[in-house]
Amino acid sequence: MLEITTIRQNPSHVIERLGAKNFDKAAQAITDILALDAQRRAVQQQLDDARNQNKTISEQIGKLYKQGNQQQANELKQQVNTINDNIRQLEANMGSIEQQLDAQLVQLPNLPHQSVPLGKHPDDNQVVKTSGTVPTLHPNAKPHWDLVTQYNLVNFEIGAKITGSGFPLYIGKGARLQRALINFFLDEAIAAGYTEYLPPHLVNEASAYATGQLPDKEGQMYHATADNLYLIPTAEVPLTNIYRDVILKQDELPVKLTGYTPCFRREAGSHGIGTRGLNRLHQFDKVEIVQIQHPDNSYQALEEMLQHVEGLLTKLGLPYRVLRLCGGDMSFTSALTYDLEVFSAAQQQWLEVSSVSNFETYQANRLKLRFRDTETKKNILAHTLNGSALALARIVASLLENNQTPNGITIPQALQKYTGFDIID
RNA sequence: GGAGGUUUGGCAGAGUGGUCGAAUGCGGCGGUCUUGAAAACCGUUGUACCGAAAGGUACCGGGGGUUCGAAUCCCUCAGCCUCCGCCA
């Protein structure tokens, strides 16, 4: 959520930046918000005054009772009753204003960073780098959804029988490859200074709200209604919520966390081309990296995280490209996002395997995640960042496709000590 | 799932209706003393909102209620602890 002070101090800048994110009616929204903000402050002043009167007189009543002066005390009670009627009205007023203000603020997306390219569609994303070479496949090369059947690595039909479509069943070397990738990614993150966590896979409403899944993306999460818990769509939610309502010491920054979790996404309404096989699932595995940073360092940290993910792809020998997302394609909560896509040679398609974002203070504001500035002694909202490092299913898809040979599918060198085998045949 | 207990500031721990935002201790920060450190002593030490400031308001697990007045009484929800049941 944007900070009200930012809006108050520089409304025209906010409107301009919201425009860069293709947010309609930014000017109207900001006008409404400023009006509500002014109302809120005026009403609060009145409320504070009224409460002060209540307190002062109540103290007097206490003293009068001690002196045994019942009659005068009763007179004052009448006065307080009138004040209390006023307080009740002001409170109701205040509640409604705050509700409206909150409803408006929650609808504002984060402001995009200056370097974010303008645009509305994925075509407007900027390719900032392309790396690695696309392999030349043999004549009988197949897309991964055929390979997994040929080598009995994944069975979608049985997954569908057990649960439903989009819940694959990994088998034998297919399952071991998943496990190997998870361990590889976690070890790499630990080596880069991240602390490993194994968080809960269901979260409560407050957590989902704090990282921005609620209220915007309600329908995209699985909801366990009996207990009002949500299945996590990404480890970002539990990992970032570790630091909800926390005030860090400045020297505790940066905080670097990593964790593996399965991720659950309803992906309501998305079917068809580009969703075959492992390309798009309701459940997939992912290792996430999260950083909590001083505002001065967050963009440098973003570049480091990008490099970390690039390093993983390089070690796996996968051709990839880095996109800087345009305003229209970025997530609601992000200020700057890099997407990393690998080229899956048999389906001749770029697959998004990672998204690395700086949220600046947008999440921290909802989380109430701050640090105490050693100089000014003030509590300042921290910057939060996260990235996939990496999402497994699509990595598996491209590994299988790109590394297939007439004799089997080869395992990248870096992964072999984790898999315990070097070929799937 | 059943029964009981508990939830107060960074931590420990008082407070059971009237200057309580909250005693005291520990910890933290600043200072005196010291060659330096420790000890001792003195001071200071929660968060948020409104306000130019003075100052004001809210917060004692969350929400609601009673009262002129609630950390304190009532209702309700949640967390933690103990015992029982069930169970990987």
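In what follows, every heavy atom counts, from backbone to side chain, and hydrogens, waters and symmetry copies are set aside. Quick note on labels: first sequence line is chain A, next is B, and so on, each numbered from 1.
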Could you list the protein-to-nucleotides 53-58 of chain B atom pairs, N/O on both sides, closer than 3.5 Å?
unit_1: B/G56; atom_1: O3'; unit_2: A/N52; atom_2: ND2; d: 2.9
unit_1: B/G56; atom_1: N2; unit_2: A/D48; atom_2: OD2; d: 2.9
unit_1: B/U57; atom_1: OP1; unit_2: A/N52; atom_2: ND2; d: 2.6
unit_1: B/U57; atom_1: O2'; unit_2: A/D48; atom_2: OD1; d: 3.1
unit_1: B/U57; atom_1: O2'; unit_2: A/R51; atom_2: NH1; d: 3.3
unit_1: B/A58; atom_1: OP2; unit_2: A/K55; atom_2: NZ; d: 3.2

Inset, instruction - Using the side chain to side chain donor-acceptor pair (under 3.5 Å) rule, pick out the option among A/K256, A/Q291, A/E288 that qualifies with A/Y194. - result: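 Single pass found, and it is A/Q291.
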
Inset, instruction - Could you list by number each residue of residues 81-107 of chain A showing a heavy-atom separation from RNA chain B of less than 4.0 Å, or answer none if no residue does? - result: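 Close to the strand are A/N81, A/N84.
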
Inset, instruction - Once you apply the 3.5 Å cut-off to both distances, tell me the Watson-Crick or G-U wobble partner of B/U66, or none. - result: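 None - no nucleotide pairs with B/U66, as no candidate has both distances under 3.5 Å.
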
Legend entry - Pair assignment for B/U57, Watson-Crick or G-U wobble, requiring both distances under 3.5 Å: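 Because both required distances fall under 3.5 Å, B/U57 counts as paired with B/A48.
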
OP1 or OP2 of [N] versus the side-chain N and O atoms of [X]: is any pair under 4.0 Å?
{"X": "A/R372", "N": "B/U47", "answer": "yes"}
{"X": "A/N379", "N": "B/U47", "answer": "yes"}
{"X": "A/R41", "N": "B/C49", "answer": "no"}

In whole Å, measure the gap between the [atom1] atoms of [N] and [M] for me.
{"N": "B/G5", "M": "B/A38", "atom1": "C1'", "value": "43 Å"}
{"N": "B/C73", "M": "B/A23", "atom1": "C1'", "value": "23 Å"}
{"N": "B/G4", "M": "B/G56", "atom1": "P", "value": "45 Å"}
{"N": "B/G46", "M": "B/G21", "atom1": "P", "value": "15 Å"}
{"N": "B/A22", "M": "B/U57", "atom1": "P", "value": "12 Å"}
{"N": "B/A14", "M": "B/U24", "atom1": "C1'", "value": "7 Å"}
{"N": "B/C60", "M": "B/C11", "atom1": "P", "value": "16 Å"}

Inset, instruction - Decide, yes or no, whether a salt bridge links A/K286 with A/E236 under the criterion of side-chain N to carboxylate O below 4.0 Å. - result: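 A/E236 and A/K286: not salt-bridged.
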
Inset, instruction - For A/D85, enumerate each residue passing the salt bridge (Lys or Arg N to Asp or Glu O under 4.0 Å) test, keeping only those at least two apart in sequence or located in another chain. - result: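 A/R88.
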
Legend entry - Pair A/N279, A/Q347: side-chain N/O donor-acceptor within cut-off below 3.5 Å: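 A/N279 vs A/Q347: donor-acceptor pair found between side chains.
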
Inset, instruction - For the residue pair A/S12 and A/E16, confirm or rule out a side-chain donor-acceptor distance under 3.5 Å. - result: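 No, because no side-chain N or O of A/S12 sits under 3.5 Å from a partner of the opposite role on A/E16.
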
Legend entry - Listed nucleotide nearest any side-chain atom of A/R370, set B/A48, B/C50, B/C68: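 Selected nucleotide: B/A48.
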
Inset, instruction - Provide the closest heavy-atom pair for A/L278 versus A/A397 in the form atom of the first, atom of the second, distance. - result: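 What the structure gives for the nearest pair is CD1-N, 4.2 Å.
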
Legend entry - Taking every non-hydrogen atom, the tightest pair across A/L312 and A/F185: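 Looking at all heavy atoms of both residues, the closest pair is CD1-CD2, 3.9 Å.
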
Inset, instruction - Taking A/K173 for its side chain and A/T419 for its backbone only, find out whether a donor-acceptor pair lies under 3.5 Å. - result: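 No; judged by distance alone, with no hydrogens or angles, the pair does not exist.
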
Inset, instruction - Could you point out which residue of A/T384, A/L385, A/V255 forms a side-chain contact (heavy atoms from CB on, under 4.5 Å) with A/Q293? - result: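 Of the listed residues A/T384, A/L385, A/V255, the side-chain contact (heavy atoms from CB on, under 4.5 Å) partner of A/Q293 is A/L385.
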
Inset, instruction - Let me know, please, whether A/I57 or A/K63 comes out on the 5' side of the other along RNA chain B by nearest nucleotide. - result: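 The residue whose closest nucleotide sits nearer the 5' end is A/K63.
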
Inset, instruction - Select base, sugar-phosphate, or nothing to describe what A/L76 touches, counting heavy atoms under 4.0 Å on all strands. - result: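 A/L76: no heavy atom of the nucleic acid under 4.0 Å.
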
